[in-house]
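Chain letters run A, B, ... following the sequence lines, proteins first and then strands; every chain starts at 1.
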There are 2 protein chains.
Amino acid sequence: MTRQGDAHLQKSADPLRRRIVEAADELYYAQGFRAVGMDALSQRAGVSLKRLYTVFPSKESIVLAVLDYRHRMWADEIAAAVAQEATPRGRLLAIYDYLAGWFRSDSFRGCVFVNAFGELATESPAVATKAAEHKRDFRRYMERLAVEAGFSEELGDQLMLLAEGAQTTAAITGDSSMALKARRAAEALLSVEEPVQTQPV
Amino acid sequence: MTRQGDAHLQKSADPLRRRIVEAADELYYAQGFRAVGMDALSQRAGVSLKRLYTVFPSKESIVLAVLDYRHRMWADEIAAAVAQEATPRGRLLAIYDYLAGWFRSDSFRGCVFVNAFGELATESPAVATKAAEHKRDFRRYMERLAVEAGFSEELGDQLMLLAEGAQTTAAITGDSSMALKARRAAEALLSVEEPVQTQPV
DNA sequence: AGGTTCGGAGAACGTTCGTTCTCCCTTCGC
DNA sequence: GCGAAGGGAGAACGAACGTTCTCCGAACCT
C-alpha cells in the first residue's frame with residue numbers, strides 16, 4: 001500500500017483538477033481573486049458547479065491550489081533561466097532578464113502572491129502563510145545562488161529585494177523598465193563585493 | 001470669490017471629514033478595504049451612516065481620501081527624516097532607517113498603496129491611478145535626492161526599488177530586518193557611484 | 001411657542017457571492 | 001430492458017455589504 005505517494009501523484013495528474021486550477025489561475029490573476037466568482041470559474045473551466053465542489057471543498061482551497069501551481073511555475077521558470085547561464089555572474093543576473101520578459105507581457109499584473117496577500121491575508125491565514133513561504137523560498141534560492149557564486153548570503157537577500165521592488169513597481173506604474181534598472185543595480189552590487197573563493201558548505 | 005482656495009482649505013480643515021478619514025485609515029489599513037464595511041466605519045468614527053453619506057458620496061471616495069491622506073503623511077514623514085540628516089549620504093539613506101522604525105511597529109501591514117492596488121485596482125481605476133501616482137512621486141523624490149547629492153538620477157530609481165522590495169518583503173514575511181538589508185545594499189550602491197560635482201539643474 | 005430643518009439609530013432594499021439543493025437526463029451493471 | 005447512481009444546468013438559500021429610507025427626537029429661527 002503506497003497510499004501517500006499515489007495520492008500525491010494523483011493530485012497533480014488528475015486532469016479535471018488540473019483544468020480547474022489552470023482556469024482559476026488565469027481568471028484570478030487577470031481579475032483578482034474576489035472579482036472571480038465560482039460561477040465564472042465553473043463556466044471557464046467547463047466544469048459544473050457541482051463537480052467543482054466534488055473536487056475542491058471550497059473556494060479557498062482552489063486559491064491555495066492556484067498559489068501552489070504558481071509557486072511551482074515560478075520556481076521552474078527561474079531555474080530554467082538560471083540554468084541557461086554559464087557564468088556565476090550570469091546566473092545571479094538571470095532573474096532580471098526573466099522579469100523583463102514577464103513585465104512586458106500583456107498579462108503581467110504583478111506578483112500573484114503579493115496580490116493574494118493584499119486581497120485575502122486578513123481573512124485567510126492559509127493564504128498569508130503560502131505567500132510568506134513563497135517569499136521565503138525565493139529568498140533562500142537567491143541566497144543559495146549568491147553563495148554558490150562565491151558571494152555572501154546577504155548579497156542574495158539584496159538581489160531579492162531588487163527583484164521584489166521591480167515587480168511591485170512595474171505592476172503598479174506599468175513601467176517595465178524596472179527590470180533593467182534592478183539589473184543594473186544588481187550589477188553594481190556584484191562589482192562591490194569581491195567573490196570569495198570558498199567552497200559552498 | 002476665492003472659491004477654489006477656500007474649498008481646498010475647507011477640505012482639509014473640516015473636522016468631521018477629518019475624523020472620518022482618520023478612522024477609515026486605521027480600519028482599512030489594519031483589516032483591508034473590503035473587510036471594513038460602512039457600518040463599522042460609521043461606528044468607529046462616531047458618525048451616523050446618514051451623515052457619512054452627506055460628507056462622502058460613496059465608499060470609493062472615502063478610500064481615495066484615505067489614500068490622499070496616507071500620501072501626504074508618507075511624504076511629510078520621509079521629508080522630516082531626510083531633513084534631519086546633514087550629509088548627502090545620510091539624506092539618501094534616511095529612508096531605510098525610517099522604514100526600519102515603521103516595520104517594527106505593531107500596526108505595520110505593508111504599503112497601503114500596494115494593498116489598495118491588489119484589492120481594488122481591477123474594479124476601481126481611480127484607486128489604481130492613485131497608487132501609480134504615489135509610486136511615481138516617491139520615485140521622483142528619490143531621483144531628486146540622488147541628483148542633489150551629486151549622483152545619477154538612476155541611482156535614485158535603484159534606491160527606490162530597494163525600499164519597495166523591503167516594504168513588500170517585510171509585510172509578507174514579517175521580517176523587519178529587510179530595512180537594514182536594503183540599507184546596506186544602498187550603501188554599497190553609493191560606494192560604487194562616485195558623486196559628481198555638478199550643480200543640480 | 002411652533003413649525004421646520006437637521007441628524008441619529010437602524011431597518012430595508014438590492015446586489016453579489018459562496019455553497020447547497022432540485023430536477024432531470026444519461027449511463028451502466030445485471 | 002430497467003433501476004440506481006452520477007452528473008449537468010441552474011434555482012435557491014443565507015450571509016455580507018453598499019446605499020437609501022423611515023421614523024423620531026432635538027435644536028433653531030422668528
### Task
Check each residue of residues 46-54 of chain B for a non-hydrogen atom within less than 4.0 Å of any atom in DNA chain D, then write out the ones that pass by number, or none.
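Under 4.0 Å from DNA chain D: B:Leu49, B:Lys50, B:Tyr53.
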
Roughly how far, to the nearest 0.5 Å, is [atom2] of [Y] from [atom1] of [X]?
X	Y	atom1	atom2	value
B:Ser58	B:Leu64	OG	CG	7.5 Å
B:Ile78	B:Met142	CD1	CE	8.0 Å
A:Ile95	A:Leu145	CD1	CG	9.0 Å

Quick one: does [X]'s side chain have a donor or acceptor within less than 3.5 Å of a partner on [Y]'s backbone?
X	Y	result
A:Tyr29	A:Gly110	yes
B:Asn115	B:Arg109	yes
B:Arg184	A:Gln158	no

### Counterpart residues, ring pair (Phe, Tyr, Trp, His ring centres under 6.0 Å), relative to A:Phe108 (two or more places apart)
A:Trp102, A:Phe103

### Message
Centroid separation under 6.0 Å, is that true for the rings of A:Trp74 and A:Phe113?
### Response
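When the ring centroids of A:Phe113 and A:Trp74 are compared, they turn out to be at least 6.0 Å apart.
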
### Query
Under a criterion of less than 4.0 angstrom to any heavy atom of chain A, what are the 5'-terminal and 3'-terminal contacting nucleotides of DNA chain D?
D:dG7 to D:dG8

### Message
So that I can tick it off, tell me whether A:Arg34 and B:Glu123 are bridged by a salt bridge, with the cut-off set at under 4.0 angstrom between side-chain N and carboxylate O.
### Response
no

### Query
So, B:Arg139 and A:Asp175, do they make that salt bridge, N to O below 4.0 Å?
yes

### Message
I need the full list of salt bridge (Lys or Arg N to Asp or Glu O under 4.0 Å) pairs touching residues 50-65 of chain A, with sequence neighbours left out, sorted by first then second residue.
### Response
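Salt bridge (Lys or Arg N to Asp or Glu O under 4.0 Å) check on residues 50-65 of chain A returns no pairs.
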
### Message
Parallel, tilted or perpendicular: which one describes the rings of B:Phe33 and B:Tyr28, with boundaries at 30° and 60°?
### Response
tilted

### Query
Where along residues 30-44 of chain A does a heavy atom come under 4.0 Å from DNA chain C, residue by residue in number order?
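Residues of residues 30-44 of chain A under 4.0 Å from DNA chain C: A:Val36, A:Gly37, A:Met38.
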
### Query
Going by heavy atoms closer than 4.0 Å, what residues in residues 116-127 of chain A are next to DNA chain C?
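Output list: empty, so none.
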
### Message
Rounded to whole Å, how long is the line connecting atom CD1 of A:Ile62 with atom C1' of C:dT19?
### Response
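Atom-to-atom, A:Ile62 to C:dT19, this comes out as 12 Å.
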
### Query
To the nearest Å, how far apart are B:Leu16 CG and C:dG7 C1'?
11 Å

### Task
Work out which heavy atom in B:Asp25 is nearest to a heavy atom in B:Arg70; give both atom names and the distance.
OD1-NE, 2.6 Å

